[in-house]
Amino acid sequence: MKKIITFSTMLLITSTVLMACGDSSDNTSGTEETIETNQTEIEEEENGLEEKKSDGEIEDQLDLGIGDTAVIESTIGKYEITLESAEFRSEIDGQKSELEDFILVKYRLKNVGEDSINIKETIGNLELTDYLEGAGMTDSSSEFNEVETFDGELASNEEAVGEALYYVYEADEYYIVVIEGLVGSGGVKNQIRFTFQANEIEES
């Protein structure tokens, strides 16, 4: 009788071990499937990043100052813009500023895209402000004869130098950025920011 009980007990133990091994195999298979899925997702994300790079998307450039060059990509085209100088002007064409001062900015523009671009539109994408959380002032150079305004078309690889004029309040620090609404709507694909102190600006 004891032998029968022992043999039955051994059969029961063997069955339990075999079932446990089967469960372990199933768990291992599930783990392998999860790893494969994760690897596929990672590869898809990497491919997506590569596609974005190949599409020519440009990163934001927020650490620029006087003398620096930014690259902008928009629905107009792709171009470089250099902030060559900034100058306080108390009056232009004998007129006082509608705010407290003028800032006259000299830009150098280069078309690095394949198609011609309208120069005035590219400058019109920018605004000057002393407060990043609010709206700034756009170029008002077309209102004055004294300013060497940008005009016309710029062919691929061509450069142009011209001036933009902004009404400003007195402040310690100023910024030139792409109008935020244009970035949000996709009209301009990246943001730039030129930052300069009032004591860096020439006075005339």
Check: [Y] and [X] side chains under 4.5 Å, non-hydrogen atoms:
X    : Y    : answer
L109 : T122 : yes
I123 : I81  : yes
Y107 : L83  : yes
V105 : I176 : yes
I58  : E73  : yes
L128 : V168 : yes
F194 : I66  : no
R193 : T195 : yes

How long is the gap from [atom1] on [X] to [atom2] on [Y], to the nearest 0.5 Å?
X    : Y    : atom1 : atom2 : answer
L165 : I92  : CG    : CD1   : 5.0 Å
E100 : E170 : CD    : CD    : 4.5 Å
I201 : S85  : CD1   : OG    : 10.5 Å
I119 : I76  : CD1   : CD1   : 11.5 Å
N190 : D60  : CG    : CG    : 6.0 Å

Please report the shortest heavy-atom distance between [X] and [Y], naming the atom on each side.
X    : Y    : result
D101 : S97  : O-OG, 2.8 Å
L154 : A160 : CD1-CB, 4.0 Å
L126 : I192 : CD2-CD1, 4.1 Å
I103 : A86  : CG2-CB, 4.2 Å
V71  : E80  : CG2-CG, 4.0 Å
G162 : F150 : N-CZ, 3.0 Å

Between the side chain of [X] and the main-chain N/O of [Y], is any donor-acceptor distance below 3.5 Å?
X    : Y    : value
E87  : L104 : no
E158 : A155 : yes
S140 : Y166 : no

Q) Residues in ring-ring contact (aromatic ring centres under 6.0 Å, His included) with F102, at least two apart? A) F144, Y167
Q. Is the number of heavy atoms from other residues, nucleotides or ligands under 6.0 Å of D93 CG greater than 12?
A.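 Atom CG in D93 is packed in, count exceeds 12.
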Q: Step through the shown structure and confirm whether more than 12 heavy atoms of other residues, nucleotides or ligands are within 6.0 Å of NZ on K120.
A: yes
Q | Pair listing, salt bridge (Lys or Arg N to Asp or Glu O under 4.0 Å) test, anchored in residues 140-153, at least two apart | A |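 Listed by first then second residue: R89-E146.
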[X], [Y]: one ILVMFWY side-chain cluster at the under-4.5 Å cut-off?
X    : Y    : value
V183 : I117 : yes
I179 : V177 : no
V178 : Y174 : yes
V147 : L99  : yes

Q) Regarding T149 and S141, is there a side-chain donor-to-acceptor distance under 3.5 Å anywhere? A) no
Q) Do Q191 and Q61 have side-chain atoms, one donor and one acceptor, less than 3.5 Å apart? A) no
**Q.** side chain to side chain donor-acceptor pair (under 3.5 Å): pairs with one or both residues in residues 125-137, sequence neighbours excluded
**A.** Y79-N125
Q | Set of residues satisfying salt bridge (charged side-chain N to carboxylate O under 4.0 Å, His left out) with respect to R108, sequence neighbours excluded | A | E84, E159
**Q.** K96: partners by salt bridge (charged side-chain N to carboxylate O under 4.0 Å, His left out), with sequence neighbours left out
**A.**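 Salt bridge (charged side-chain N to carboxylate O under 4.0 Å, His left out) check on K96 returns E91.
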Q: Start with the C-alpha distance between V188 and I72, add both sets of side-chain angles, then the distance that settles side chain to side chain contact (heavy atoms under 4.5 Å, CB included), and finish with yes or no.
A: CA-CA 7 Å; V188 179; I72 298 175; 3.7 Å; yes
Q: Check which hydrophobic residues are tied to L62 through side-chain heavy-atom contacts below 4.5 Å, counting indirect links as well, and list them.
A: none
